[in-house]
J.: 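Before anything else, here's the structure in question.
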Amino acid sequence: MMFQSSLQYVADLLREASAHILAEKSDKVFLRGDFSGGKWTNVEAAIQRIIDHPIWTADWTHSDRTRAVYEALQKNQNAEMAFEAVGLKLGYVVGADKLKANALD
């Protein structure tokens with residue numbers, strides 16, 4: 001997560017997940033959002049799913065998908081497409097989608 005493009009993608013993903021959880025517009029979610037009533041617990045779970053995603057500890061040479069993530073981070077381009085290809089996307093982060101067993105293959 002130390003690359004600029006991964007930080008940008010994770011920040012955007014967290015904002016989108018929070019907006020989804022709170023049913024708010026994503027550009028104002030942290031300014032206007034009401035995180036009471038257990039909603040913050042859902043945001044924490046979303047953060048944990050981001051952290052737990054296997055791409056952060058994967059061998060970059062494991063597959064074409066992991067290499068694509070590595071190259072996207074190195075070149076600071078196409079990060080969104082590369083992360084989505086390994087299942088790190090909104091549906092997974094909010095818990096609606098399960099991560100496929102072969103997500104990194």
Side-chain angles (χ1 to χ4, degrees):
M1 285 192 213
M2 64 184 182
F3 292 91
Q4 180 180 349
S5 55
S6 64
L7 291 172
Q8 179 67 47
Y9 182 72
V10 167
D12 290 344
L13 194 56
L14 180 58
R15 188 179 66 247
E16 289 176 25
S18 298
H20 176 80
I21 292 165
L22 273 60
E24 281 278 344
K25 289 185 177 183
S26 65
D27 61 336
K28 306 288 185 200
V29 69
F30 290 113
L31 297 174
R32 296 183 183 165
D34 178 6
F35 290 91
S36 64
K39 292 177 182 173
W40 184 250
T41 301
N42 294 340
V43 173
E44 288 175 332
I47 293 168
Q48 193 60 53
R49 280 190 284 279
I50 292 171
I51 292 168
D52 290 343
H53 194 283
I55 194 60
W56 306 122
T57 57
D59 179 357
W60 297 123
T61 62
H62 175 74
S63 70
D64 288 343
R65 289 181 186 175
T66 57
R67 277 189 292 279
V69 171
Y70 177 75
E71 288 179 19
L73 296 177
Q74 292 296 313
K75 296 176 182 178
N76 198 21
Q77 55 184 309
N78 301 322
E80 181 177 359
M81 185 178 0
F83 281 123
E84 287 182 357
V86 296
L88 185 56
K89 50 189 171 180
L90 182 61
Y92 163 75
V93 171
V94 298
D97 299 334
K98 299 290 181 202
L99 190 62
K100 294 179 182 177
N102 64 346
L104 300 182
D105 294 339

J.: Decide side-chain contact (heavy atoms from CB on, under 4.5 Å) for Leu14 and Val93; before the verdict, give the C-alpha distance in whole Å, the side-chain angles of both, and the deciding distance to 0.1 Å.
T.: CA-CA 8 Å; Leu14 180 58; Val93 171; over 6 Å; no
J.: Give, for atom NZ of Lys100 and atom CG of Asp105, the distance between the pair rounded to the nearest 0.5 Å.
T.: 12.0 Å
J.: Applying side chain to side chain contact (heavy atoms under 4.5 Å, CB included), can you list everything that pairs with Tyr9, at least two apart in sequence or on another chain?
T.: Leu13, Glu80, Phe83, Glu84, Leu88, Lys89
J.: Is Met81 reachable from Ile50 through a run of I, L, V, M, F, W or Y residues, each pair having side-chain heavy atoms under 4.5 Å apart?
T.: no
J.: Under a 4.5 Å cut-off applied to non-hydrogen side-chain atoms, are Asn42 and Leu22 in contact?
T.: no
J.: Once ring-ring contact (aromatic ring centres under 6.0 Å, His included) is applied, what residue pairs with a partner in residues 84-105 remain, sequence neighbours excluded?
T.: His53-Tyr92
J.: Can you see which heavy atom on Ser5 is nearest to which on Ala79, and at what distance?
T.: CB-CB, 3.9 Å
J.: Which heavy atom in Lys25 sits nearest to a heavy atom in Ala19, and how many Å separate them?
T.: C-CB, 4.2 Å
J.: Does the side chain of Trp56 come within less than 4.5 Å of Ile51's, by heavy atoms?
T.: no
J.: Using 0.5 Å steps for rounding, measure from the CG atom of Leu7 to the CG atom of Asp12.
T.: 11.0 Å
J.: What closest approach, in Å, do Leu99 and Ala103 show between heavy atoms, and which atom pair accounts for it?
T.: CD1-CB, 3.7 Å
J.: Of all heavy-atom pairs between Asp59 and Thr66, which one has the smallest distance, and what is that distance?
T.: O-OG1, 3.5 Å
J.: How about Tyr70: does its OH atom have over 12 heavy atoms from other parts shown lying under 6.0 Å from it?
T.: no
J.: Strictly distance-based, threshold 3.5 Å: is any side-chain N or O of Ser26 a donor or acceptor partner for the main-chain N or O of Arg15?
T.: no
J.: At what distance, to the nearest 0.5 angstrom, does NZ of Lys39 lie from OG of Ser18?
T.: 11.5 Å
J.: Considering residues at least two apart in sequence or located in another chain, which fulfil the ring pair (Phe, Tyr, Trp, His ring centres under 6.0 Å) criterion with His20?
T.: none
J.: Are side-chain heavy atoms of Asp34 and Trp40 found at a separation under 4.5 Å?
T.: no
J.: Please determine if Asp64 and Arg67 form a salt bridge, counting it only when a charged side-chain N lies under 4.0 Å from a carboxylate O.
T.: yes
